Amino acid sequence: MKQKAMDMKLVVKPLVGCLTHTHFWEGPCRAGHKEDMTVEAETKAADEAFRSSVEGLKGVIDEVEFTEPLDVRYNESFVVEKELFEKIGENVDEIDCFLCMGWRIPKLERFGKPVIIWQNGNEGIDFAAYCRSIGVEAYVCMDLQDVNEIAHILWVRKAVRNTRALVLTAGSQPTFGIQSLIRDPEILRKRYGFEVVKLPFTSIFKYMDEITDEEAKPIADKIIAGSTDTQVNTDWFINDVKYYLAAKKMMDIYDCNAFSTACHELCTTEIPQNRKFTPCMCHSIMKDEGIPSGCEEDLNALMAMLIMQYAAKRPAFMGNPNHETDELLRIHHAVPALQMNGYGTKPLAYKLWAFTGQGFGGKLQVDFTENEDDYITLGRFNPAGDTMCIKKGKVIRSEYADTYCSPFYYIQMDDAREFMHNLAGFGHHQVLIFGDYTKMIKKIAKVMNFNILEG
């Protein structure tokens, strides 16, 4: 399988700029005490500035991988020496951006790389404004908090650019279940770098037939063992796991790290009936592994899922919205994950029920009211792929249905009726993550160049 996008690193080259002088003098841009303005004193201060700047890098988020920091000193000619400038440019194609600390780096804009400017004052703001005016991406940071925020946003963008989804399709345009979907995946590739590989939804079954019971049974047994209430037919449940393993095999072959499949069209073939499986558990397992996985070829939801899952570093799942009251929205579906509080956290408790009345097709029943964070964020892109609708709400109760899509989550919000009206421009599936990430998503939208409608 293609490297998980969440395992990517933002590769950053740190540069510590410093203006030192060849001798002592004072004038309209330079004043102070002589003992602090000698070559020796300024050299000592520059040494300390470089040391403390490099030390400060230890507080930057884990998503960032730094190259060797460079000490970029120049004198009152305001010119970086040729040899040093060449060092800055070494392997520049392998980095994602520069981190410029201290003084500005003259002519750094020649490389055309994004610049994070960590400088609390007029220097940073001025340098950023200049870069932007000539078309070079630049961000100014007052402190470590700012650095980590913009680095995380740039990492999210890189993760999206490095996502390639295997979409198993019936070829319908649009699908029966999602009339509002983004019909041309080239929109997503051109705008965000998110690639989509479409193959017939029937092509997975030859791989499914190659999966042995010995491969699938340990995974099935582990899931069954963790359930507090198992109502799925445990003999058939292994078929859900085989579908998941077959999808992973196809993702290996086609170098993909995200997944979706047709649903209505798959159902009407009666192949799931004959093979006794549904794709639901495949989606749930993948999301817990850090792999975005969405239902029904819904690229609008899958695009929102990438951004929300990468931004929050926790699984995102999707479901159907229904207006209950003007303050209450219901979301229902069968594909929640278990690490909804974040990757590496304690999995949520779950029941393992069956999607069908016959007992095949496992589905996770999770009570979100037992989660530590009551608030959730909803999101979805529009059919044009240029605008994302987001909304914050609070989960107040969960309900289970013995068959079909469930659980149901009842979400309190300020105006559920208006939100449903807004969705007329976006479509139905809503992507859900724990926590209020509306502010972060707005900032990501500015960097990734999409619009936001806050529902």
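Nothing fancy with the numbering, it's 1 onward along the sequence. Values in this document were obtained by computation on a predicted structure and should not be read as measured data.
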Within 6.0 angstrom of Y375 OH, more than 12 heavy atoms from elsewhere: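 Counting neighbours around OH of Y375, 12 or fewer heavy atoms of other residues, nucleotides or ligands fall under 6.0 Å, so no.
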Short question: side chain of [X], backbone of [Y] - any donor-acceptor pair under 3.5 Å?
X    : Y    : result
K351 : Q231 : no
K313 : G342 : no
S260 : G294 : yes
N257 : R164 : yes
E265 : T169 : no
T175 : S172 : no
K363 : Y404 : yes

For N451 and D386, test the side chains for any donor-to-acceptor distance below 3.5 angstrom and give the result as yes or no.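 No, no side-chain donor-acceptor contact under 3.5 Å.
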Side chains of S406 and E399, donor plus acceptor under 3.5 Å: no
Out of Y410, Y350, F317, which one pairs with F368 under the ring pair (Phe, Tyr, Trp, His ring centres under 6.0 Å) rule?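 Per the ring pair (Phe, Tyr, Trp, His ring centres under 6.0 Å) rule, the option paired with F368 is F317, out of Y410, Y350, F317.
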Check the angle between the aromatic planes of Y192 and F450 and answer parallel, tilted or perpendicular using the 30° and 60° thresholds.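 It falls in the perpendicular class, over 60°.
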For the residue pair R110 and F85, would you count it as a cation-pi contact if the rule is NZ or CZ under 6.0 angstrom from the ring centre and within 45 degrees of the ring axis?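 Verdict for F85: a cation-pi partner in R110.
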Using the six-membered ring of F408, assess whether NZ or CZ of R397 lies under 6.0 Å from its centre and within 45 degrees of the ring axis. no
Could you pull out all residues at least two apart from K442 that satisfy salt bridge (charged side-chain N to carboxylate O under 4.0 Å, His left out)? E454
Does anything in residues 141-150 pair up under side chain to side chain donor-acceptor pair (under 3.5 Å), and if so which pairs, sequence neighbours excluded? E149-K443
At their closest point, which heavy atom of W155 faces which heavy atom of L10, and how far apart are they? CD1-N, 4.0 Å
Minimum heavy-atom distance F426-N422, with the two atoms named: CD1-O, 3.2 Å
